[in-house]
Amino acid sequence: MLLEVKSLEKSYTRGEETVHALRGVSVEIPDGQFVSIMGPSGSGKSTLLHLMGGLDRPSKGEVILRGQNIAGMKDAELSLFRRQKLGFIFQFFNLLPTLSALENVCLPRLLGNESIKKIEPRAKELLEMMGLLHRMNHKPDQLSGGEMQRVAIARALISDPLLILADEPTGNLDTKTGESILGLLRDMCKSTGKTIVMVTHDPKAASYGNRLLKLRDGVLESDETV
C-alpha cells in the first residue's frame, strides 16, 4: 500500500474554543489512483491533504507513506522526505518570480545541492511533456495562468515523487484552462502510474479522478469509485 492514513485527528485551539478539523479519519490509497477529496468549507479536506504531505502534524494518528510514518519524523528528516518523495501542486502556482520556467522546475533538486547541468535534461523533458519547452526561458510574469500551472506540475514531477498532492489546482484558472490541466493530470496518472490526491470543491473537477472521498465535519462521509 502506498499511503495509509490511520485514525487521523487534528484539533486547533482558537481562543478558549477547541476546533476539531479531523475526527478519526482512516483511508488507504494504493499506487496509481487519482483520488479526489471533496467537502464543504470547514470539512477538513485541506487539513487532510496537508497532513498527508507532512505540511502539518496530526494531533493523533499516523500517516504512513511506503512504510514510513511521516507523522513521527523530526523536522529536518521530514523536510528532506517531502522534497525527495512528494510533489505539490498549489492553487496559486508558487513559482519564484525571479527564476525562469526551467529554473523553477529544477528548484526542488537544486535545493538538494544537485548541479543544474545534471537536472536540466529531465527538466526539459518535463517541460516538453507539458508543451512548454519553447517557453523554458520565460519568467512567470511572461506566462499565462495555465502555463504557470503546467510549470508547477513539471516541478512536482522533477524528483520522481511517490505521491503528488494537489490543492485546488484549477481554482485560479478559467474553465477551459482548468479542464486542460485536469485532463493532463488524469492522463499523467494513467501513463506514468503516479498517484495523485487532489482537493477540490468542484464536482466536475472531482470527476476526473477515479476515486472520490467526501468529508463532512472532519469525518470521512463516503469513499467511492467513480
Side-chain angles (χ1 to χ4, degrees), residues 1-72 82 86-92 156 161-173 175 178-179 181-186 188-190 193-226:
M1 190 61 59
L2 175 65
L3 179 66
E4 299 170 84
V5 171
K6 297 184 176 182
S7 304
L8 212 56
E9 297 185 16
K10 182 64 181 181
S11 300
Y12 303 93
T13 301
R14 186 180 297 161
E16 296 183 358
E17 180 186 11
T18 299
V19 178
H20 299 285
L22 290 177
R23 305 168 183 263
V25 172
S26 296
V27 66
E28 294 184 347
I29 299 175
D31 289 278
Q33 282 195 336
F34 186 167
V35 182
S36 301
I37 302 176
M38 290 190 70
S41 179
S43 62
K45 57 187 184 296
S46 289
T47 299
L48 177 58
L49 193 81
H50 292 168
L51 292 174
M52 286 177 171
L55 297 173
D56 199 359
R57 294 185 182 273
S59 303
K60 292 182 181 178
E62 296 179 320
V63 178
I64 300 172
L65 183 61
R66 196 64 92 215
Q68 292 185 272
N69 181 13
I70 66 173
R82 280 198 306 264
L86 298 170
F88 296 93
I89 305 168
F90 300 100
Q91 179 177 348
F92 294 103
L162 292 172
L163 174 66
I164 296 170
L165 300 168
D167 194 355
E168 299 279 6
T170 61
N172 204 34
L173 302 172
T175 301
E179 288 177 355
I181 292 295
L182 291 165
L184 177 65
L185 290 173
R186 179 184 59 197
M188 183 180 70
C189 181
K190 289 179 180 178
K194 291 295 180 189
T195 305
I196 302 171
V197 178
M198 176 182 71
V199 161
T200 181
H201 68 280
D202 181 2
K204 188 170 183 180
S207 71
Y208 279 78
N210 49 37
R211 183 177 176 188
L212 177 61
L213 307 180
K214 289 185 179 179
L215 295 178
R216 185 175 295 276
D217 298 327
V219 175
L220 183 61
E221 187 176 55
S222 65
D223 178 354
E224 57 193 59
T225 301
V226 294

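Residue numbers run from 1 in the order of the sequence given. Side chains included, hydrogens not; waters and symmetry mates left out as well; all remaining heavy atoms used.
A side chain to side chain contact (heavy atoms under 4.5 Å, CB included) with L3 holds for exactly one of I64, V63, L162, I70; it is V63.
Closest approach of V25 and V5 over heavy atoms only: O-CG1, 3.4 Å. When all heavy atoms of G61 and A71 are compared, the closest pair comes out as O-CB, 4.4 Å. Closest approach of P161 to A156, counting heavy atoms only: CG-O, 3.2 Å. Residues L165 and G53 share a closest heavy-atom pair of CD1-CA, 3.3 Å.
In this structure, T195 contributes its side chain and G32 its backbone to a donor-acceptor pair below 3.5 Å. Using modelled atom types, no side-chain atom of R216 and backbone atom of S43 make a donor-acceptor pair closer than 3.5 Å. S26 places a side-chain N or O within 3.5 Å of a backbone atom of S7 that can act as its donor or acceptor partner. Of the possible polar contacts, none joining the K10 side chain to the A21 backbone as a donor-acceptor pair under 3.5 Å is found. E168 contributes a side-chain N or O that, together with a main-chain N or O of H201, makes up a donor-acceptor pair within less than 3.5 Å. The main-chain N or O of G178 is never found under 3.5 Å from a side-chain atom of T170 such that the two would form a donor-acceptor pair.
Here CG of L49 is found 8.0 Å from CZ of F88. Values are rounded to the nearest 0.5 Å. Going from atom CG of L163 over to atom CZ of R82 covers 13.5 Å, rounded to the nearest 0.5 Å. To the nearest 0.5 Å, atom CG of residue L22 and atom OG of residue S59 are 9.0 Å apart. To the nearest 0.5 Å, atom CG of residue L220 and atom CG of residue L48 are 8.5 Å apart. Atom CG of D202 sits about 8.0 Å away from atom OG of S207, to the nearest 0.5 Å. Interatomic distance, CG of D167 versus CE of M198, reported as 10.5 Å (0.5 Å rounding).
The environment of CG in D217 is sparse: at most 12 heavy-atom neighbours from other residues, nucleotides or ligands sit within 6.0 Å.
Considering only heavy atoms from C-beta on, C189 stays 4.5 Å or farther from K194 through its side chain. Taking the side chain as every heavy atom from C-beta outward, K190 and F34 never approach each other to under 4.5 Å. Proximity of T200 to M38: side-chain heavy atoms (C-beta onward) are separated by under 4.5 Å at one or more points. In this structure, the side chains of L2 and Q33 stay at 4.5 Å or more apart for every pair of heavy atoms. T47 has its side chain within reach of Y12: a pair of non-hydrogen atoms, C-beta onward, lies under 4.5 Å apart.
With salt bridges taken as basic N to acidic carboxylate O contacts below 4.0 Å, none links K214 and E224.
For S11, the side chain to side chain donor-acceptor pair (under 3.5 Å) partners two or more places apart in sequence, or in a different chain, are H20. Under the rule for a side chain to side chain donor-acceptor pair (under 3.5 Å), the partners of D223 that lie at least two apart in sequence or sit in another chain are R211. When the side chain to side chain donor-acceptor pair (under 3.5 Å) test is applied to D31, the partners found at least two apart in sequence or on another chain are R66.
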Candidate pair I89 and I196, rule side-chain contact (heavy atoms from CB on, under 4.5 Å), full reasoning: CA-CA 10 Å; I89 305 168; I196 302 171; over 6 Å; no
Pair M52-V35, side-chain contact (heavy atoms from CB on, under 4.5 Å): steps then yes or no: CA-CA 13 Å; M52 286 177 171; V35 182; over 6 Å; no
